[in-house]
Engineer: 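I'd like to ask you about the structure that follows.
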Amino acid sequence: MDIHEVFNDSYARCNRNPHFMSLFYEHFFEKNETFRTMFTHVDMKKQMKMIKASLLIIMLATTSEQARESVKMFGKRHGPNGLGIKPSDLDLWFECLIDTIKECDPAYNQSVEQAWRQCFNEGIAIMKAECKL
């Protein structure tokens, strides 16, 4: 099975859990109190809808020039002239996502994790490069 199929199937299973995104943010906020503070005045329902779309765009960075351009904009928006996110914060963000997938995908295994990592590798690298600027 293609890694994109494995990712898509896993993502669909995760989204069947109505708490998928809220669990992700719980994990993320537990890692660093600064992250929680950054979202103090954010409408989290809107944020959770937005991140679902962003996940797909970041994943598509491996295959789509348009998605890569969008991910560059995400990186700039989150980088030193935006939200002040550091490249290491993106690693932490992604590990929190993996932890949440482990909880929410009943078919989670090493192949599923590898598919997520491969699908997000390029998008995360692009965001990190933009966050360094």
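The basis for the numbers below is simple: all heavy atoms, side chains too, and nothing from hydrogens, waters or symmetry mates. Here, residue 1 is the first one in the sequence, and each next residue gets the next number.
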Engineer: If we only count heavy atoms from C-beta on, is the Trp116 to Val112 side-chain gap below 4.5 Å?
Structural biologist: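 They are in contact (side-chain heavy atoms under 4.5 Å apart), so the answer is yes.
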Engineer: Passes side-chain contact (heavy atoms from CB on, under 4.5 Å), Lys49 versus Lys45? Steps please.
Structural biologist: CA-CA 7 Å; Lys49 287 179 184 176; Lys45 283 187 179 186; 5.7 Å; no
Engineer: Quick one: do Ile3 and Leu60 end up in the same hydrophobic cluster if we chain Ile, Leu, Val, Met, Phe, Trp and Tyr together by side-chain heavy atoms under 4.5 Å apart?
Structural biologist: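 Unlinked, Ile3 and Leu60 end up in two clusters.
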Engineer: Can Asn81 and Lys76 be said to form a side-chain hydrogen bond (donor to acceptor under 3.5 Å, both in side chains), step by step?
Structural biologist: CA-CA 7 Å; Asn81 295 321; Lys76 287 178 182 168; over 6 Å; no
Engineer: To the nearest 0.5 angstrom, please state how far the CE atom of Met38 sits from the CG atom of Leu83.
Structural biologist: 5.0 Å
Engineer: Look at the side chain of Asn15 and the backbone N and O of Ala12, then say whether any donor-acceptor pair between them is shorter than 3.5 Å.
Structural biologist: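 No; zero donor-acceptor contacts below 3.5 Å.
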Engineer: Are the side chains of Gln110 and Tyr108 in contact, using a 4.5 Å heavy-atom criterion?
Structural biologist: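 Heavy-atom side-chain distance check passes, below 4.5 Å.
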Engineer: Between Phe24 and Phe28, is the gap from one ring center to the other below 6.0 Å?
Structural biologist: yes
Engineer: Given side-chain contact (heavy atoms from CB on, under 4.5 Å), test Met127 with Ile85 step by step and report yes or no.
Structural biologist: CA-CA 10 Å; Met127 285 193 69; Ile85 300 297; over 6 Å; no
Engineer: Return the minimal non-hydrogen interatomic distance between Pro87 and Lys132, and the atom names on each side.
Structural biologist: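 Minimum heavy-atom contact is CG-CG, 3.5 Å.
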Engineer: Using the benzene-type ring in the case of Trp, are the ring centres of Phe35 and Tyr25 under 6.0 Å apart?
Structural biologist: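 Distance test on ring centres: not under 6.0 Å, no.
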Engineer: Of the non-hydrogen atoms in Leu55 and Tyr11, which two are nearest, and what is the gap between them?
Structural biologist: CD1-CE1, 3.9 Å
Engineer: Could you state the interatomic distance from OG (Ser70) to CE (Met73), rounded to the nearest 0.5 Å?
Structural biologist: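 So the gap between those two atoms works out to 5.0 Å.
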Engineer: Looking only at heavy atoms, what is the nearest atom pair of Ala61 and Ala67, with distance?
Structural biologist: N-CB, 3.8 Å
Engineer: If you define the side chain from C-beta out and look only at heavy atoms, does anything of Glu122 sit under 4.5 Å from Arg68?
Structural biologist: yes
Engineer: Could you tell me whether the side chain of Asn8 reaches within less than 4.5 Å of the side chain of Met59, counting heavy atoms only?
Structural biologist: yes
Engineer: Rounded to the nearest 0.5 Å, how far apart are CZ of Phe120 and CD1 of Ile98?
Structural biologist: 8.0 Å
Engineer: Flag the pair Lys102 / Glu113 as yes when at least one side-chain heavy-atom distance between them is below 4.5 Å, and no otherwise.
Structural biologist: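 Yes. Closest side-chain heavy atoms under 4.5 Å.
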Engineer: Measure across His27 and Thr100 and return the closest heavy-atom pair with its distance rounded to 0.1 Å.
Structural biologist: CD2-OG1, 3.0 Å
Engineer: Determine whether Arg117 and Glu95 satisfy the following criterion, salt bridge (charged side-chain N to carboxylate O under 4.0 Å, His left out), listing intermediate values before the conclusion.
Structural biologist: CA-CA 10 Å; Arg117 290 187 184 281; Glu95 292 309 315; 2.8 Å; yes
Engineer: Any idea which heavy atoms bring Cys119 and His4 closest together, and the distance?
Structural biologist: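 For Cys119 and His4, the tightest heavy-atom pair comes out as SG-CD2, 3.7 Å.
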Engineer: Do Val71 and Glu130 touch side chain to side chain, with heavy atoms closer than 4.5 Å?
Structural biologist: no
Engineer: Under 3.5 Å, is there a donor-acceptor pair between the side chain of Ser54 and the main chain of Met50?
Structural biologist: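 Side chain of Ser54 to backbone of Met50, a donor-acceptor pair under 3.5 Å: yes, one is there.
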Engineer: Taking atom CD1 of Ile124 and atom CG of Leu97, what is their separation to the nearest 0.5 Å?
Structural biologist: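 Between Ile124 CD1 and Leu97 CG, I get 8.5 Å after rounding to 0.5 Å.
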Engineer: Any side-chain heavy atom of Ser22 within less than 4.5 Å of one from His19?
Structural biologist: yes
Engineer: Could you tell me which non-hydrogen atom of Phe74 sits nearest to which non-hydrogen atom of His78, and how far apart they are?
Structural biologist: O-ND1, 2.7 Å
Engineer: Let me confirm one number: the CZ-CG distance from Phe7 to Leu56, rounded to the nearest 0.5 Å.
Structural biologist: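 Between atom CZ of Phe7 and atom CG of Leu56 there are 5.5 Å.
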Engineer: Is there a path from Leu92 to Phe39 through hydrophobic residues (I, L, V, M, F, W, Y) whose side chains come within less than 4.5 Å of each other?
Structural biologist: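 In one cluster: yes.
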Engineer: So how far is it from Ile57 CD1 to Glu69 CD, rounded to the nearest 0.5 Å?
Structural biologist: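 Rounded to the nearest 0.5 Å, the CD1-CD separation comes to 12.5 Å.
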Engineer: Check the pair Trp93, Ile51 against side-chain contact (heavy atoms from CB on, under 4.5 Å), reporting the backbone distance first and the verdict last.
Structural biologist: CA-CA 12 Å; Trp93 175 87; Ile51 196 166; 3.8 Å; yes
Engineer: Below 4.5 Å, heavy atoms only, C-beta onward: do Asp9 and Arg13 meet side chain to side chain?
Structural biologist: yes
Engineer: Give a yes or no on this: more than 12 heavy atoms of other residues, nucleotides or ligands lie within 6.0 Å of atom CD of Glu65.
Structural biologist: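 More than 12 heavy atoms, drawn from other residues, nucleotides or ligands, come within 6.0 Å of this atom.
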